[in-house]
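Working notes, structure below.
Letters go in sequence order (proteins before strands), and every chain restarts at 1. These numbers come from the heavy atoms of this one structure, side chains and all, not from hydrogens, waters or symmetry mates.
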Protein chains: 2
Amino acid sequence: MVNNKAVITKLSEFYKVFGDVTRLSILNALLDNEKNVGDICKEVNMSQSAVSHQLKILRLYNLVKYEKKGQSVFYNIADNHIKGILKYGFDHIDEFIK
Amino acid sequence: MVNNKAVITKLSEFYKVFGDVTRLSILNALLDNEKNVGDICKEVNMSQSAVSHQLKILRLYNLVKYEKKGQSVFYNIADNHIKGILKYGFDHIDEFIK
DNA sequence: TGAATATATGAGCAAATGTTCATATAAGGA
DNA sequence: TCCTTATATGAACATTTGCTCATATATTCA
């Protein structure tokens, strides 16, 4: 147990980033490969603007990293830590929600 | 990667439950011991009503279990799975946010 | 340089969320 | 039974959130 209000607040903000369908779909789409914004839009079937707004949040909380290549920006999951949390979640859903 | 929209939606709802300071504080308070509602209120410093509303959500998504003892209702973390997710999160914050 | 393509972002708006307030329900003790 | 204590819940309201629309920025190519 943590007795630091600031840590709890930070952690809740961190979990909150995973708690939106669009953002989670983007993360899911990036699990296989890095992808540019256009491809992400197609895969999650959302507008370029909506995706870009959510990518901003994913960047802000360091869930993704990105790299500009020509006109495109390629996004990727930030690290194995994030992948681990996603895998843990997927396993949980498989097991408990089914 | 999961290609099932319903699973992604379920999972995002699951993460969302962790993504609120009050609910996360409640979970944190329960990590040591089971506690009744009154004690939870004191520990998280929120009104009885606010806590009770959030406990309802924690129950709904099976993050806590509870048991009535006389007039009191004692709440506890549902299982080690939930504890694991919390521990993982705390470690992440320790490591990345500091 | 001007047009096309790719991405980012601000403003506005509607929906979702969390709190308070009032009240309901339930159990224990006098 | 009546009062007190413990918990739950509905309604109202303010805040937050995520989308759309319009537009800005940046890069490539003709």
Item to check | Residues from residues 33-43 of chain A lying under 4.0 Å of DNA chain C - heavy atoms | outcome: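 The answer is Asn36(A), Val37(A), Gly38(A).
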
Taking atom [atom2] of [N] as reference, at what distance in whole Å does atom [atom1] of [X] sit?
X	N	atom1	atom2	value
Glu13(B)	dA16(C)	CD	P	12 Å
Lys69(A)	dT7(C)	NZ	P	12 Å
Ile57(B)	dG18(C)	CD1	C1'	8 Å
Gln54(A)	dT9(C)	CD	C1'	13 Å
Leu55(B)	dA6(D)	CG	C1'	13 Å
Lys56(A)	dA11(C)	NZ	C1'	13 Å

Next on the checklist: If you apply the rule side chain to side chain contact (heavy atoms under 4.5 Å, CB included), what do you find for Phe14(B) with Leu24(A), and how did you get there?
Outcome noted: CA-CA 11 Å; Phe14(B) 174 71; Leu24(A) 196 57; over 6 Å; no

Name the nucleic acid region contacted by [X], choosing base, sugar-phosphate or nothing; use a 4.0 angstrom heavy-atom cut-off, strictly under.
X	result
Tyr75(A)	sugar-phosphate
Ser52(A)	base
Lys16(B)	sugar-phosphate

Item to check | Any pair counted as side chain to side chain donor-acceptor pair (under 3.5 Å), so long as it reaches residues 12-21 of chain A, sequence neighbours left out | outcome: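 Side chain to side chain donor-acceptor pair (under 3.5 Å) check on residues 12-21 of chain A returns no pairs.
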
Checklist entry - Taking atom CG of Asn45(A) as the centre, does the number of heavy atoms from other residues, nucleotides or ligands within less than 6.0 Å exceed 12? => result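 At most 12 heavy atoms, drawn from other residues, nucleotides or ligands, come within 6.0 Å of this atom.
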
Next on the checklist: Using a 6.0 Å cut-off, check whether atom CZ of Phe90(B) has over 12 heavy atoms from anything other than its own residue.
Outcome noted: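 Enclosed.
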
Next on the checklist: Does anything in residues 61-72 of chain A form a salt bridge (charged side-chain N to carboxylate O under 4.0 Å, His left out)? List the pairs, not counting sequence neighbours.
Outcome noted: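 Salt bridge (charged side-chain N to carboxylate O under 4.0 Å, His left out) check on residues 61-72 of chain A returns Glu34(A)-Lys69(A).
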
Next on the checklist: Considering only residues two or more places apart or on different chains, which pairs with a residue in residues 49-62 of chain B satisfy salt bridge (charged side-chain N to carboxylate O under 4.0 Å, His left out)?
Outcome noted: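 Found none.
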
Next on the checklist: Using only atom types and a distance under 3.5 Å, with no angle test, would you say the side chain of Lys35(A) pairs donor to acceptor with the backbone of Ala29(A)?
Outcome noted: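 Yes: the side chain of Lys35(A) pairs with the backbone of Ala29(A).
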
Checklist entry - When every nucleotide of nucleotides 20-27 of chain D is labelled 5' to 3' by its protein contacts under 4.0 Å (heavy atoms), B for base, S for sugar-phosphate only, - for none, what sequence of letters results? => result BBB---SB

Checklist entry - Between Lys87(A) and Asp91(A), is there a salt bridge with N-O shorter than 4.0 Å? => result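 So Asp91(A) pairs with Lys87(A) through a salt bridge.
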
Next on the checklist: To the closest 0.5 Å, what do you measure between CE (Met1(B)) and CG (Asn33(A))?
Outcome noted: 10.0 Å

Next on the checklist: Between Leu27(B) and Phe18(B), is there a side-chain heavy-atom distance shorter than 4.5 Å?
Outcome noted: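 They are in side-chain contact.
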
Checklist entry - Is the shortest heavy-atom distance from the side chain of Val21(A) to the side chain of Lys5(B) under 4.5 Å? => result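 Side-chain contact under 4.5 Å: yes.
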
Checklist entry - Which residues within residues 18-30 of chain B lie with some heavy atom under 4.0 Å of an atom in DNA chain D? => result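 Within residues 18-30 of chain B, no residue comes under 4.0 Å of DNA chain D.
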
Checklist entry - Any side-chain N or O of Arg59(B) less than 4.0 Å from the OP1 or OP2 oxygen of dT7(D)? => result no

